[in-house]
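To start, the structure itself, in structure tokens.
Hydrogens, waters and symmetry mates play no part in the numbers below; they use all other heavy atoms, side chains included.
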Amino acid sequence: MATDILMPALSPTMEEGKLAKWLKKEGDPIKSGDVLAEIETDKATMEVEAIDEGVLAKILIAEGTEGVAVNTPIAVIAGEGEDPASVQSGGGAKSNASKPNGAGGHPAPAPDMQAEGMADKPAAAAKTSDDAPKAPAAPAVITNKADEPVMEEFPAGTPMVTTTVREALRDAMAEEMRRDGDVFVMGEEVAEYQGAYKITQGLLQEFGAKRVVDTPITEHGFAGIGVGAALAGLKPIIEFMTFNFAMQAIDHIINSAAKTLYMSGGQLGCPIVFRGPNGAAARVGAQHSHDYAAWYSNVPGLKVIAPYTASDAKGLLKAAIRDPNPVIFLENEILYGQSFPVPQLDDFVLPIGKARIHRPGTDVTIVSFSIGMTYALKAAQVLAEQGIEAEVIDLRTIRPMDSEAVVKSVKKTGRCITVEEGFPQSGIGAEIVARLMADAFDYLDAPVLRITGKDVPMPYAANLEKLALPNVAEVVEAAKSVCYK
């Protein structure tokens, strides 16, 4: 069967790009892993790799074409035994060659999509009966029912509006900037470009260039200016295009922002928020995929937040902006387009340092945060179908960590699994294990297991990147293991 090659997305926010160059020509044999073409945006260049085998029957979009929309057929691969000359586009399967996770051949999450994880790609077709995929679990839906544990922080009857994480972050900053004239945003492309990920969209038009400040590509410079402004009494929000780039500013964050309050004997505070995407996105390589949650959580003087839902993103960002201490606000690029219900309240602020039970259970506790919650919630769905009721806890805040919530759950279930995309050594899961050994050892019926990213720099190749990240099957297997099933 012929396969359409679709225009892939470099990131979840990409809508179109330039098909810069074809590296294969019509009639060439194609095997999985072959580089077919190069695509470009104003941000990056990516090679398009084949994930199917056959013959490149037709090139539908000429090289050099700009403004090619994501998911547009760009070529057709003829299957084994097919006549390439007779193959037509649209007559067979669709293939997003080397598409990133959460982007490509599936619709971007729309405002009515309250189910997390709906941007995932479908299971690949089985080559033999032995590797036929099991039916996927139903999406873990976060509803606005008053009796759901996830809704306990909202007053009963609170009206909800479905909002993307991207919009929730923007709304939080806009509301705080209206409330307090000392709050301002600074970073690369936050103003004229409306944000590299469109998080600051509309802020320049409302608040002007003095409070929405574009900077050169110099994290060391603008982070330092932000820290100085905070020490002088302003309340900066410093956006990093990725926390990987914050490495350039680490001295300002750790030695100046985090330590000055203590070193000044409490005389000089630093009310600043450092925010931006953290961890893996999709095919951006090791230098753009590092998860820094464990790094920053090690530092006294910092508060570290890593939200999962849109309501948490909004409520906790507003709390972070009001906090008199420096706050590291770790977002996730894949989650930006995910939609969740957010309460329609005049001033919705959540407490920093408080975990949330997303799903009650009695058999095993699964603890995660940020995008790790997608694996945890989906695994809980699968486990429920197999008779294992998992309690899923979203830490939300990494420092200070809500140990009490985790210990209370483990005393009930007797078992615990942690899930994160970061590395295993000295990770957030390792910290949770240490705390459980001290505070809940006698209640454990099995060893605490950690599901993490693999102990290797993030690969660029799509197939290797997928292998380097956690997956739902690993969480399910770990849960069954500690339940001795």
Side-chain angles (χ1 to χ4, degrees), residues 168-192 195 199-200 202-216 218-241 243 245-246 248-276 296-297 299-305 307 313-331 346-353 397-400:
L169 293 166
R170 179 204 61 206
D171 291 347
M173 289 188 287
E175 289 176 17
E176 292 305 300
M177 291 174 76
R178 294 181 196 118
R179 175 180 175 272
D180 188 340
D182 288 337
V183 178
F184 69 96
V185 181
M186 177 184 292
E188 295 158 358
E189 299 186 343
V190 299
E192 295 292 343
I199 307 298
T200 53
L203 297 187
L204 174 65
Q205 286 70 28
E206 180 173 353
F207 300 103
K210 286 188 176 181
R211 297 184 63 194
V212 185
V213 183
D214 271 333
T215 69
T218 170
E219 286 77 13
H220 180 77
F222 65 76
I225 292 172
V227 171
L231 294 173
L234 297 179
K235 299 173 183 178
I237 305 169
I238 302 300
E239 177 179 306
F240 295 118
M241 196 174 293
F243 262 93
F245 300 162
Q248 303 294 326
I250 202 75
D251 181 60
H252 294 306
I253 297 170
I254 305 302
N255 282 329
S256 296
K259 298 177 181 177
T260 297
L261 181 66
Y262 178 84
M263 295 179 69
S264 67
Q267 299 179 74
L268 198 57
C270 189
I272 187 171
V273 175
F274 299 98
R275 53 153 295 271
Y296 289 113
S297 71
V299 182
L302 292 179
K303 294 185 178 182
V304 183
I305 299 171
K314 182 177 183 180
L316 288 170
L317 182 54
K318 285 170 67 72
I321 294 169
R322 297 183 190 186
D323 198 284
N325 303 285
V327 178
I328 304 295
F329 200 90
L330 303 174
E331 300 156 13
D346 291 337
D347 192 21
F348 173 59
V349 183
L350 289 173
I352 295 174
T397 303
I398 310 302
R399 184 184 183 105

Looking only at non-hydrogen atoms, find the nearest pair between Ala174 and Phe207 and report the distance.
O-CZ, 3.5 Å
Are any side-chain N or O atoms of Ser297 and backbone N or O atoms of Arg399, one a donor and one an acceptor, separated by less than 3.5 Å?
no
In Å and rounded to the nearest 0.5 Å, what is the CG to NZ distance from Leu302 to Lys259?
9.5 Å
Just verifying a value: how many Å separate Thr215 OG1 and Glu189 CD, rounded to the nearest 0.5 Å?
9.0 Å
For the residue pair Ala191 and Val212, what are the closest heavy atoms and their distance?
CB-O, 3.6 Å
Show me the donor-acceptor pairs, under 3.5 Å and distance only, between side chains in residues 227-240 and residues at least two apart or in other chains.
| unit_1 | atom_1 | unit_2 | atom_2 | d |
| --- | --- | --- | --- | --- |
| Lys235 | NZ | Asp180 | OD2 | 2.7 |
| Glu239 | OE1 | Arg275 | NH1 | 2.6 |

When rounded to the nearest 0.5 angstrom, what distance separates CD in Glu331 from CD1 in Ile305?
10.5 Å
Enter the distance from Glu188:CD to Phe222:CZ here, rounded to the nearest 0.5 Å.
4.5 Å
For Ala257 and Ile272 the tightest heavy-atom approach is CB-CG2, 4.5 Å
Please round to the nearest 0.5 Å and tell me the distance separating atom CG of Leu204 and atom CD of Glu206.
10.5 Å
Tell me whether the centres of the aromatic rings in Tyr296 and Phe274 are closer together than 6.0 Å.
no
Would Arg179 and Glu176 pass as an ion pair if we require N to O under 4.0 Å?
yes
Has Ser264 got a side-chain atom pairing as donor or acceptor with Leu261's backbone, closer than 3.5 angstrom?
yes
Distance-minimising heavy-atom pair for Met177 and Arg211:
O-NH2, 2.8 Å
To the nearest 0.5 Å, what is the distance between NZ (Lys314) and CG (Leu350)?
10.5 Å
Main-chain N/O of Val190 paired with Asp214 side-chain donor or acceptor, under 3.5 Å:
yes
Which pair of heavy atoms, one from Thr397 and one from Val304, lies closest together, and at what distance?
CG2-O, 3.3 Å
Shortest non-hydrogen separation from Ile352 to Lys303 and the atoms involved:
CG2-CD, 4.2 Å
